[in-house]
Visitor: 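After the structure tokens below, expect a handful of questions from me.
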Amino acid sequence: MDADTLMQFTAAVHAVVPDFRYENAIRWETSGGFVEEHDVCGTLPDKSTFKLVVCVVGEVVDGKITTLREYVDTVSAAGLLKALRPS
């Protein structure tokens, strides 16, 4: 996603999951950047809760993040994805 798409997606998520949050972040430096694992948690409109385990791989050049790849189990994200679909 480019920055504008990411901002739109983030706004959509916060609209359906007002208590959206990151928990349990663990980060390691690598030779070219970093790896982070964290949980994404919240409550869906149907009052069910979710917890997604996410892995982020970032590349850093000259002190700036140049690439960010995020990996998430889409099966675990099914409830969130359903809540984001237009009715």
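Reckoned from all heavy atoms, side chains included, excluding hydrogens, waters and symmetry mates.
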Visitor: Are the side chains of L80 and L44 in contact, using a 4.5 Å heavy-atom criterion?
Guide: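 Contact flag for L44/L80 side chains = yes.
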Visitor: Just how far is it from atom CG of L52 to atom CD of E70, taken to the nearest 0.5 Å?
Guide: 9.5 Å
Visitor: For the residue pair F20 and H14, does the interplanar ring angle fall in the parallel (under 30°), tilted (30 to 60°) or perpendicular (over 60°) class?
Guide: perpendicular
Visitor: For residues 71-78, which side-chain N or O atoms pair as donor and acceptor with protein atoms under 3.5 Å away, sequence neighbours left out?
Guide:
from: Y71; atom 1: OH; to: R69; atom 2: NE; distance (Å): 3.3
from: D73; atom 1: OD1; to: V75; atom 2: N; distance (Å): 3.1
from: D73; atom 1: OD2; to: S76; atom 2: OG; distance (Å): 2.9

Visitor: Determine the minimum heavy-atom distance between P18 and T43, stating which atoms define it.
Guide: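 Looking at all heavy atoms of both residues, the closest pair is CD-O, 4.5 Å.
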Visitor: Give a yes or no on whether V54 and L6 share a hydrophobic cluster (residues Ile, Leu, Val, Met, Phe, Trp, Tyr; joining criterion: side-chain heavy atoms under 4.5 Å apart).
Guide: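 Same cluster: V54 reaches L6 through Ile, Leu, Val, Met, Phe, Trp or Tyr contacts under 4.5 Å.
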Visitor: Kindly work out whether a path of hydrophobic side-chain contacts (I/L/V/M/F/W/Y, heavy atoms less than 4.5 Å apart) joins V13 to Y22.
Guide: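 Same hydrophobic cluster.
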Visitor: Which distance, rounded to the nearest 0.5 Å, do you find between the NE2 of H38 and the CD1 of I26?
Guide: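 Nearest 0.5 Å value for the NE2-CD1 distance: 11.5 Å.
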Visitor: Taking the side chain as every heavy atom from C-beta outward, state whether L84 and F9 have any pair of such atoms under 4.5 Å apart.
Guide: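 In short, these two side chains touch, coming nearer than 4.5 Å.
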Visitor: Does E23, at its CD atom, have more than 12 non-hydrogen atoms belonging to other residues, nucleotides or ligands within less than 6.0 Å?
Guide: yes
Visitor: Give the minimum heavy-atom separation between V35 and C55, together with the two atoms involved.
Guide: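 Looking at all heavy atoms of both residues, the closest pair is CG1-SG, 4.0 Å.
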Visitor: Are C41 and T49 side-chain neighbours, meaning at least one heavy-atom pair lies under 4.5 Å?
Guide: no
Visitor: Please report the interatomic distance CZ(F34) to CD1(I65), rounded to the nearest 0.5 Å.
Guide: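 Reported value, rounded in 0.5 Å steps: 4.0 Å.
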